[in-house]
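The chains referred to below are lettered A, B, ... by the order of the sequence lines, with proteins before strands, and numbering in each begins at 1.
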Amino acid sequence: MHAPVDPSPGGAAPHPFAKPKTHRETYEFLIRQVLRAGTYSVLLAVGLIFAHIIIKGVPVVFTTKAPFINTNFLTKLPETLHVIEDKQGKIYETSPQGSDVIKKELGGNMRSEKTISYSGGGILGPIVGTALLVLVCMVVALFLGIASAIYLSEYASHGKFIEGVRLAILNLAGVPSVVFGLFGLGIFVLSAPVLTDTPHERSLFSIPLGFTYMSFQGWDTCVLSGAFTLAFVILPVIITASEECLRAVPQGFRETSLALGATRWQTIWRTVLPFAMPGILTSSILGIARAAGETAPIMFTAALAFKDKLPWQGDSGFFGIFTQSVQALPYHIYTIAARIPQSEYSERAQYGSVFVFLVLVLMFAITSVLLRRKLRAKYQW
Amino acid sequence: MVAAPPAPKKPVSKPAHHEPSAVTPATPTAEGVISVRGLDFHYGTKQALFDVNLEIPARKVTALIGPSGCGKSTLLRCFNRINDRIAGAHISKGQVVIKGKNIYDDDVDTTQLRRQVGMVFQKYNPFPKSIYENVVYALRIAGVKKKPVLDEACEHALKVAALWDETKDRLKANAFGLSGGQMQRLCIARAVAVRPDVLLMDEPCSALDPIATLKVEELITQLTKEFTVVIVTHNMQQARRVADLTAFMFMGQLIEFADTTTIFGAPQQKKTEEYIRGIFS
C-alpha cells in the first residue's frame with residue numbers, strides 16, 4: 001500500500017496523483033483554445049456590426065444642439081432630397097418645395113442640382129408602418145400559435161398524424177421568406193374573402209349572403225395581408241416555443257386540478273397557462289422582433305417603396321388604417337440601399353434608418369427580458 | 001371493531017364474466033361505499049389488474065398495501081378515473097360502483113365524479129398561489145363566486161386538515177412558504193373543500209419526514225368522521241396505525257382483504273404472511 005502504481009516508469013512522480021506524461025494536456029489546451037476562438041469571433045462579428053451601425057447612424061439621428069435628437073428624421077415622411085451647390089461651393093440641402101425658393105434666390109449663382117429619392121425628410125412613414133404590421137402580426141401569431149400549441153400538447157392524442165403535424169410545423173420554419181411573400185400574395189392579397197356589396201371582377205367566386213356578398217377577391221396590398229403573412233413566417237417559432245413551455249409545467253398540477261373536478265379547459269386556463277405564459281411571451285417577443293425585420297414577406301403584401309400619406313390620412317379615415325398599404329422599415333432600408341443611385345446622402349438615410357430599426361428591435365429584446373423577470377418572480381414553483 | 005368486515009376475497013360472489021352486477025345483489029347500501037367487481041385493467045396491452053373484487057365500507061380508513069408494481073396505485077386511481085388521462089389505459093371487464101353507480105358507464109361525468117371522490121397525491125403539490133386560493137380552487141372551478149361561501153369553505157377545510165391555526169393569519173401568503181407537512185395538509189384541505197364522500201390518498205406521507213408523517217396520520221384517522229378514506233401505502237407500519245381495513249395486493253391481484261388486525265395478526269393467505277413478515281418486498 002505504500003508503493004503506488006507509478007504511471008511513469010522513470011520514477012519522477014513521487015506521489016500517486018502525478019501527471020502522466022502524455023499529450024492529453026496539450027490536446028485539452030488546444031481544444032479549449034479552438035472553442036474560445038470560435039466564440040470570440042462571433043462576438044467580434046456582432047461587435048463590428050453594432051459599432052458600424054452606431055458610428056454611422058448616431059450622427060444622423062442625434063444632433064449636437066438641444067433637443068439632441070434629429071426630430072425631423074423621426075417625425076417627417078420620406079421625401080426627395082434636393083442638393084444644390086452654388087458657385088462658391090456652398091451646399092444647400094433642401095426639400096422639393098425648398099429647392100425652388102433657393103434656386104430663385106441664387107439665380108445665376110447656381111452651379112448644380114442633384115436630387116436623391118427618398119433620402120430627405122424623415123422615416124415616420126416606415127416606422128408607423130412597421131409598428132402597425134408588428135401589432136397586427138403579434139395578435140394573429142399569438143392567437144394562432146398559442147391555440148395550436150395548446151391543442152398539440154394538451155388535447156391531441158399522440159399518434160402518427162400529430163407527429164406529422166409537428167413535422168410540418170418544423171418544416172414551415174425552413175421555408176424561405178420570399179415563398180411566404182408569394183403565399184401571402186396569392187392567399188391574402190388576391191383571394192381572401194371580404195364582405196362587399198359589389199364583388200370585384202377579379203373575384204375568384206362570391207357567395208351571396210342575402211344582404212351582401214362574401215367575395216373571394218383578396219384584401220389587396222394592405223397592413224392586414226402583410227401582418228397575416230408575417231404571422232405565418234413566425235408561427236413555427238411560436239408554436240414550438242409555446243409547446244416547450246406548456247410541457248415544462250409539472251404534470252402534477254394538471255392531475256391535481258383534474259382530480260379536483262376541473263374540466264380540461266379549466267385546468268389549462270387556471271393552472272397550466274398562467275405558469276407557461278412567461279416563457280411563451282418571451283420567446284414570442286423574440287419571434288415578433290424577427291417578423292419586424294422581415295422584408296420579403298411584406299414586399300408583395302403590404303409595403304410600398306414610397307407613400308406620401310400616413311395610414312390614417314387615407315380616404316377611409318382613421319379606421320381604415322389596417323386596409324391601407326404602408327411603408328415599412330426593412331423595405332425602406334432595402335429601397336434606399338439597393339434601388340436608388342448611391343451617394344453620401346442616400347447612405348446617410350440608410351444608416352439613420354438602420355440605427356432606428358436596431359434600437360426598436362433592441363427595445364423588443366429588453367422588453368422580453370424584463371417581462372420574463374417580472375412574470376418569473378410572480379409564478380415561482 | 002368493524003361493523004361489516006367484508007369477507008376475504010373468495011367467499012363472496014365470484015362474479016360472472018359479463019354481468020357482475022347481476023350476481024352481486026348484496027350491494028352495500030351504506031353511503032360512500034366503493035365496490036369493485038371483477039375488475040380487469042390494462043395499460044395498453046399490459047394487464048395491470050386481474051379480476052379485483054373489493055367492498056370498501058363507508059367512514060373507514062381502508063389501506064391498500066403490497067410491493068411496488070402490485071397495482072395498488074392503479075386500483076386507487078381507478079376510483080376517480082384519473083387513469084383516463086393515460087393513453088391506452090382501459091378497463092376490459094368489471095365495474096367500479098360508487099354510490100350505486102358504475103363510474104365507468106358512459107353517462108358518468110368525470111368532473112362530477114371527482115367532486116365526490118377527492119384525491120391527495122404522493123408529492124405535495126400546492127398550486128403556486130395563495131393558501132386561500134389553493135383551498136377554494138375546486139369551489140371556484142365549480143362556479144362558486146360568493147365570498148362568504150368561499151371563506152366559510154376555506155375555514156372549514158383548513159380546520160378539517162388541522163391547518164387552520166397555523167395559517168389563519170396568512171391565508172393570502174403564497175402556499176410555497178409552508179413546510180412540507182403543512183403543504184401536504186394543505187393539499188388535503190384542498191381536496192376536502194368541496195366535501196367529497198370519498199378521499200383517495202396515494203402514499204400521502206412518502207415525501208414527508210417522520211414528524212410530519214405522524215401529524216398527517218393523525219389527521220387521516222380524524223377524517224373518517226366525514227369521509228371514506230382509501231389510502232395506498234407501502235409503509236406497513238402506517239397501514240397498521242391508520243387503517244381499519246387492509247387489502248393486500250400482489251401482481252395485480254387482490255390477495256387478501258380484512259380487518260387490519262386480522263391481516264397483520266392472522267393472515268389467511270400465505271403470500272400475505274410472507275409479505276407482512278418481510279420475506280419479499
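Of all residues in residues 139-148 of chain B, those placing a non-hydrogen atom less than 4.5 angstrom from a non-hydrogen atom of chain A are B:Arg140, B:Ile141. Within residues 72-87 of chain B, the residues having any heavy atom under 4.5 Å from a heavy atom of chain A are, by residue number, B:Arg77, B:Asn80, B:Ile82, B:Arg85. Residues of residues 154-164 of chain B never come within less than 4.5 angstrom of chain A, heavy atom to heavy atom.
When the shell of 6.0 Å around CG of B:Asp106 is examined, it contains 12 or fewer heavy atoms from other residues, nucleotides or ligands. With a 6.0 Å radius and a threshold of 12 heavy atoms from other residues, nucleotides or ligands, A:Arg247 has its CZ atom above the threshold. More than 12 heavy-atom neighbours from other residues, nucleotides or ligands sit within 6.0 angstrom of NZ on B:Lys172.
When atom types are taken as modelled, the side chain of A:Thr130 and the backbone of A:Ile127 share no donor-acceptor pair closer than 3.5 angstrom. Here the side chain of B:Thr167 pairs no donor or acceptor atom with the backbone of B:Arg170 at under 3.5 angstrom. Side-chain N or O atoms of B:Asn235 include one that pairs as donor or acceptor with a backbone N or O of B:Gln238 at under 3.5 Å. Side chain of B:Gln184 to backbone of B:Pro204: a donor-acceptor contact under 3.5 angstrom is found.
When all heavy atoms are compared, the tightest approach of A:Ser157 to A:Ile162 is O-CG1, 3.4 Å. The two atoms that bring B:Ala191 and B:Val194 nearest to each other are O-CG2, 4.0 Å, heavy atoms only.
The pair A:Lys160-A:Glu163 does not meet the salt-bridge criterion, since no charged nitrogen lies less than 4.0 angstrom from a carboxylate oxygen.
Taking CD1 of A:Ile238 as the start and CD1 of A:Ile280 as the end, the distance is 10.0 Å to the nearest 0.5 Å. Rounded to the nearest 0.5 Å, atoms CG (B:Asn125) and CZ (A:Arg254) are 12.5 Å apart.
Of the listed residues B:Met119, B:Lys123, B:Arg190, the one with more heavy-atom pairs under 4.5 angstrom with chain A than any other is B:Arg190.
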Distance-only donor-acceptor hits, side chain of residues 225-235 of chain A, under 3.5 Å, sequence neighbours excluded:
from     : atom 1 : to       : atom 2 : distance (Å)
A:Ser225 : OG     : A:Asp220 : O      : 2.8
A:Thr229 : OG1    : A:Ser225 : O      : 2.7

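For chain A, no part of B:Pro196 is nearby; none of its heavy atoms comes within less than 4.5 Å. With a threshold of 4.5 angstrom between heavy atoms, B:Val117 approaches chain A through N, CA, C or O but not through any side-chain atom. The contact between B:Phe127 and chain A is made by backbone and side chain atoms together, counting heavy-atom distances below 4.5 Å.
With contacts defined as side-chain heavy-atom distances shorter than 4.5 Å, the pair A:Leu195/A:Leu209 qualifies.
Relative orientation of the A:Tyr155 and A:Tyr151 rings is parallel, given thresholds of 30° and 60° on the angle between their planes.
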